[in-house]
S.K.: 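Please read through the structure below; I'll follow up with questions.
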Amino acid sequence: MTDWFITLIFAFLFLVYAYSLLWNIGIEIDINILMPVAIGLLIFYSSVLIEHAKPNWFIGIRTPWTLSSDEVWEKTHKLGGRLSKVAGLISAFGVLFKDFAFFIVIIPVTLVSIYSIPYSFFEYQKQASKNP
């Protein structure tokens, strides 16, 4: 699964490189057509990896609460993965609204990130109240 992610990152960076080369030789492509779909795909596939991430100190939604409890890690990453998939799909639809594409990409991703942190805290609190 991570091999596909490496391939996807490579393809994304190649797309950015090709875009900059084309722009410099005078072929202007609207970035609001290209990037929302590419970023949406990248976010969507990242969410698949997030859902299946095992507890670690390097990758994932790393809060003190997720790192303290495997159960909180699991619940937070399942929810974060699902929400990130939705954010990735919404981001891809940014291509339909070119004037607002930047916001259509940034806002859902930011909201998912902001929501995941308190969610992990409240899950930790729930678990702590069950097991005093």
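Start at 1 with the first residue, then count along the sequence. All values below come from the heavy atoms of this structure, side chains included, with hydrogens, waters and symmetry mates left out.
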S.K.: Atom CG of N32 and atom CZ of F97: how far apart are they, to the nearest 0.5 Å?
M.R.: 13.0 Å
S.K.: Using a 3.5 Å distance criterion without hydrogens, assess whether the side chain of Y19 forms a donor-acceptor pair with backbone atoms of I29.
M.R.: yes
S.K.: With sequence neighbours left out, write down each residue that passes side chain to side chain contact (heavy atoms under 4.5 Å, CB included) with W4, or none if nothing qualifies.
M.R.: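 Listed in chain order: Y45.
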S.K.: Check the surroundings of atom OH in Y124: do more than 12 heavy atoms from other residues, nucleotides or ligands lie under 6.0 Å from it?
M.R.: no
S.K.: Checking one residue: Y17. Which other hydrophobic residues are in its cluster under the side-chain 4.5 Å linking rule?
M.R.: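 The other cluster members (ILVMFWY side chains, heavy atoms under 4.5 Å, direct or chained) are L21.
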S.K.: What pairs of residues pass the salt bridge (Lys or Arg N to Asp or Glu O under 4.0 Å) test when at least one of them lies in residues 86-110, not counting sequence neighbours?
M.R.: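 Listed once each, the pairs would be none.
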S.K.: Just list the side-chain donor-acceptor pairs under 3.5 Å for residues 105-117, sequence neighbours left out, or say none.
M.R.:
{"unit_1": "T110", "atom_1": "OG1", "unit_2": "I106", "atom_2": "O", "d": "2.8"}
{"unit_1": "S113", "atom_1": "OG", "unit_2": "V109", "atom_2": "O", "d": "3.0"}
{"unit_1": "S116", "atom_1": "OG", "unit_2": "V112", "atom_2": "O", "d": "2.8"}

S.K.: To the nearest 0.5 Å, what is the distance between CD1 on I6 and CD1 on I9?
M.R.: 9.0 Å
S.K.: Which pair of heavy atoms, one from P55 and one from D70, lies closest together, and at what distance?
M.R.: CG-OD1, 3.4 Å
S.K.: In the single-linkage hydrophobic clustering (I, L, V, M, F, W, Y; side-chain heavy atoms under 4.5 Å), do F102 and L42 co-cluster?
M.R.: no
S.K.: Kindly state each residue pair satisfying salt bridge (Lys or Arg N to Asp or Glu O under 4.0 Å) with at least one member in residues 117-128, sequence neighbours excluded.
M.R.: K75-E123, E123-K126
S.K.: For T76, enumerate each residue passing the side-chain hydrogen bond (donor to acceptor under 3.5 Å, both in side chains) test, keeping only those at least two apart in sequence or located in another chain.
M.R.: none
S.K.: Which residues pass the ring pair (Phe, Tyr, Trp, His ring centres under 6.0 Å) test with F5, sequence neighbours left out?
M.R.: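 Per chain and number, F5 pairs via ring pair (Phe, Tyr, Trp, His ring centres under 6.0 Å) with no residue.
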S.K.: Following the transitive rule for hydrophobic clusters with a side-chain heavy-atom cut-off under 4.5 Å over Ile, Leu, Val, Met, Phe, Trp and Tyr, establish whether F93 and V86 coincide in one cluster.
M.R.: yes
S.K.: Of all the heavy-atom pairs spanning V95 and I33, show the shortest one and how long it is.
M.R.: CG2-O, 3.3 Å
S.K.: To the closest 0.5 Å, what do you measure between CG (L13) and CG (L8)?
M.R.: 9.5 Å
S.K.: Is there a path of hydrophobic side-chain contacts, each under 4.5 Å between heavy atoms, that joins F103 and I31?
M.R.: no
S.K.: Under the side-chain hydrogen bond (donor to acceptor under 3.5 Å, both in side chains) rule, collect the residues that match up with S91, sequence neighbours excluded.
M.R.: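 Applying side-chain hydrogen bond (donor to acceptor under 3.5 Å, both in side chains) to S91 gives none.
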S.K.: To the nearest 0.5 Å, how far apart are CD1 in I50 and CG in L83?
M.R.: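 The CG atom of L83 is 10.5 Å from CD1 of I50, to the nearest 0.5 Å.
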S.K.: Could I get the full list of side-chain hydrogen bond (donor to acceptor under 3.5 Å, both in side chains) partners for S69, not counting sequence neighbours?
M.R.: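 In terms of side-chain hydrogen bond (donor to acceptor under 3.5 Å, both in side chains), with neighbours along the sequence ignored, S69 is linked to Q127.
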S.K.: Is there a continuous path of hydrophobic side-chain contacts, each under 4.5 Å between heavy atoms, that joins V37 to V48?
M.R.: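 Hydrophobic grouping puts V37 apart from V48.
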S.K.: Going from CH2 on W57 to CG on L67, what distance comes out if it is rounded to the nearest 0.5 angstrom?
M.R.: 5.0 Å
S.K.: Flag yes if V16 and L41 sit in one hydrophobic cluster, no otherwise; membership is Ile, Leu, Val, Met, Phe, Trp, Tyr, and two members link when side-chain heavy atoms are under 4.5 Å apart.
M.R.: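 Same cluster: V16 reaches L41 through Ile, Leu, Val, Met, Phe, Trp or Tyr contacts under 4.5 Å.
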S.K.: Identify the heavy atoms of T63 and S120 that sit nearest to each other, and give their distance.
M.R.: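 Taking T63 first and S120 second, the nearest heavy atoms are OG1-OG, 3.1 Å.
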S.K.: Which pair of heavy atoms, one from P36 and one from A101, lies closest together, and at what distance?
M.R.: CG-CB, 3.8 Å
S.K.: How close do I61 and T66 get, counting heavy atoms only, and between which atoms?
M.R.: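 Heavy-atom minimum between the residues: O-OG1, 2.8 Å.
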S.K.: Which salt bridge (Lys or Arg N to Asp or Glu O under 4.0 Å) pairs, counting each pair once, include a residue from residues 29-54, with sequence neighbours left out?
M.R.: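 As it turns out, the salt bridge (Lys or Arg N to Asp or Glu O under 4.0 Å) pairs with a partner in residues 29-54, which skip direct neighbours, are E51-K85.
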S.K.: Go through the structure and list residues passing side chain to side chain contact (heavy atoms under 4.5 Å, CB included) with L15, not counting sequence neighbours.
M.R.: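 L15 satisfies side chain to side chain contact (heavy atoms under 4.5 Å, CB included) with L34, M35, A38 once adjacent residues are dropped.
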S.K.: Name all residues meeting the side chain to side chain contact (heavy atoms under 4.5 Å, CB included) criterion together with N56; count only those two or more places apart in sequence or in a different chain, and write none if there are none.
M.R.: F58, I59, W73
